[in-house]
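All remarks here apply to the structure that follows.
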2 protein chains.
Amino acid sequence: MPRTTDGDGTPVPQRLLAAATRLFAERGYDRTSVQEIVEAAGVTKGALYHYFGSKDDLLHEVYARVLRLQQERLDHFADADEPIEKRLRGAAADVVVTTIENLDDASIFFRSMHHLGPEKNKQVRAERRRYHERFRALVEEGQREGVFSTATPADLVVDYHFGSVHHLSTWYRPDGPLSPQEVADHLADLLLRALRP
Amino acid sequence: MPRTTDGDGTPVPQRLLAAATRLFAERGYDRTSVQEIVEAAGVTKGALYHYFGSKDDLLHEVYARVLRLQQERLDHFADADEPIEKRLRGAAADVVVTTIENLDDASIFFRSMHHLGPEKNKQVRAERRRYHERFRALVEEGQREGVFSTATPADLVVDYHFGSVHHLSTWYRPDGPLSPQEVADHLADLLLRALRP
DNA sequence: GCCGTCAGACTAACCGGTCGGTATGCGCGG
DNA sequence: CCGCGCATACCGACCGGTTAGTCTGACGGC
């Protein structure tokens with residue numbers, strides 16, 4: 001009985017995406033064969049290439065999902081009716097929490113970007129930049145208002161913070177002593193403390 | 001005329017290492033074939049497998065070189081006869097400068113770690129941890145002396161800073177407006193400002 | 001004449017992607 | 001309400017190409 005779902009209840013494309021996400025995060029993009037993905041999803045290559053144009057497409061889809069989620073959340077915090085200090089803190093902490101909650105996607109994102117073909121790479125970079133610029137605008141707003149120090153260019157501040165987010169997949173362990181929210185609060189605090197005039 | 005050196009004056013193993021470093025950084029470990037490496041070095045596979053046991057060995061050798069260099073430099077700054085504030089600032093800025101000056105090695109390091117076999121991976125992680133702990137000790141020393149804030153656990157502070165270092169290869173462009181030293185000063189400044197009591 | 005150094009042909013495995021074929025359920029004419 | 005026909009969903013064998021690694025042997029200095 002083929003019909004979008006199978007053995008379990010989830011549709012095949014989502015099962016493939018989930019399996020690919022896990023395997024890419026575990027072994028990396030290149031070390032994961034299409035065969036392994038379809039086996040983990042309980043289908044065959046025919047099914048995969050029925051829904052996705054290529055192995056690249058699969059990776060791109062993972063990226064798109066993360067990007068969409070993070071942009072939505074950033075917009076939400078940036079548009080809130082709060083003082084700039086609170087909005088930046090909220091956004092800075094939230095990106096940490098959502099990154100930890102999707103550590104697989106995050107590690108794929110930062111480790112496998114260069115496996116994408118040139119045009120898809122450009123597309124992802126453009127969306128990344130949009131995100132970066134929205135975040136930077138928050139820092140600049142605070143600097144104009146005199147709430148944040150202008151000692152460091154806003155660009156560098158943003159890269160500094162995102163560096164730590166990027167780095168999370170390297171050292172954060174879910175079974176460690178700190179909850180995602182605690183880590184997020186600490187990292188946001190470090191950012192805000194660094195920005196004190 | 002086979003004999004440690006060839007066309008140019010540099011010994012074959014070093015030529016292979018240099019070629020591998022450049023190609024790994026450009027295309028990534030998996031996308032670089034052994035054939036490409038030996039062609040770039042002006043030799044053949046026979047030469048490569050005469051000096052290195054495997055492609056993995058090549059990668060491991062690149063890591064070992066970076067690790068050795070960074071550990072040496074950190075020890076130098078940490079052992080200096082200066083107030084803790086100055087020692088930490090020096091170390092924090094120096095790791096940025098040397099990372100920028102060896103951006104190829106750095107991007108390989110952070111992107112290809114997981115390509116190493118299990119035992120070699122463990123070895124690299126152990127050396128990494130040694131480095132991390134030396135750095136953390138500096139932060140803790142300052143915290144004990146009351147020079148640095150204890151609001152954030154030293155571990156997190158170190159990961160925060162290394163995150164930005166890790167991230168450098170993503171955004172730093174040599175033809176950009178900031179020199180390596182300027183970037184380093186700014187990032188070290190951010191760290192020290194975040195640590196103000 | 002022997003040993004370090006390397007060339008280059010070779011192999012066995014594996015990869016992403018294709019393709020002809022099959023089964024299932026839905027729309028629709030009767 | 002039936003059954004025909006087609007679109008959709010999927011299977012699995014297969015292909016051309018690539019890969020890391022091996023092996024035999026030769027060249028040249030000591």
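Residue numbers begin at 1 in each chain, while the letters A, B, ... track the order of the sequences. These numbers were taken from a predicted model, which means no experiment stands behind them.
Atom OH of A/Tyr49 and atom C1' of D/dC11 are 15 Å apart (whole Å). Atom CZ in B/Phe52 sits about 14 Å away from atom C1' in C/dC6, given to the nearest Å. In this structure, A/Lys55 places its NZ atom 12 Å from C1' of C/dC14, rounding to the nearest Å. One atom, CD1 of A/Ile37, and another, P of C/dC15, lie 11 Å apart when rounded to the nearest Å. As a whole-Å value, the separation of B/Glu39 CD from D/dT19 C1' is 14 Å. Protein atom OH of B/Tyr51 is 8 Å distant from nucleotide atom C1' of C/dG4, rounded to whole Å. The interatomic distance linking A/Gln35 (CD) with C/dT18 (C1') rounds to 14 Å, in whole Å. For A/Arg27 and C/dC15, the CZ to P distance is 11 Å, given to the nearest whole Å.
Side-chain contact between A/Arg128 and A/Phe109: present, with at least one pair of heavy atoms (C-beta onward) separated by less than 4.5 Å.
Counting only N and O atoms by type, the side chains of B/His115 and B/Asp56 include no donor and acceptor under 3.5 Å apart.
Of the two residues near DNA chain C, A/Glu36 and A/Gly53, the one whose nearest nucleotide lies more 5' is A/Glu36. Residue A/Thr32 is the one, among A/Thr32 and A/Gly46, whose nearest nucleotide of DNA chain C lies closer to the 5' end (criterion: closest heavy atom).
Residue B/Lys45 places a side-chain atom within donor-acceptor reach of the base of D/dG21, judged by atom type and a 3.5 Å distance cut-off alone.
Of the candidate nucleotides C/dG16, D/dA9, C/dA7, C/dG16 has the atom lying nearest to any side-chain atom of A/Ser33.
In this structure, A/His166 and A/Phe110 have parallel ring planes: the angle between them is below the 30° cut-off, well short of the 60° mark.
Nearest approach of A/Lys55 to A/Phe24, heavy atoms of both residues: CE-CE2, 4.3 Å.
Remark: A/His50 is in phosphate contact with D/dA9, judged by side-chain N or O atoms under 4.0 Å from OP1 or OP2.
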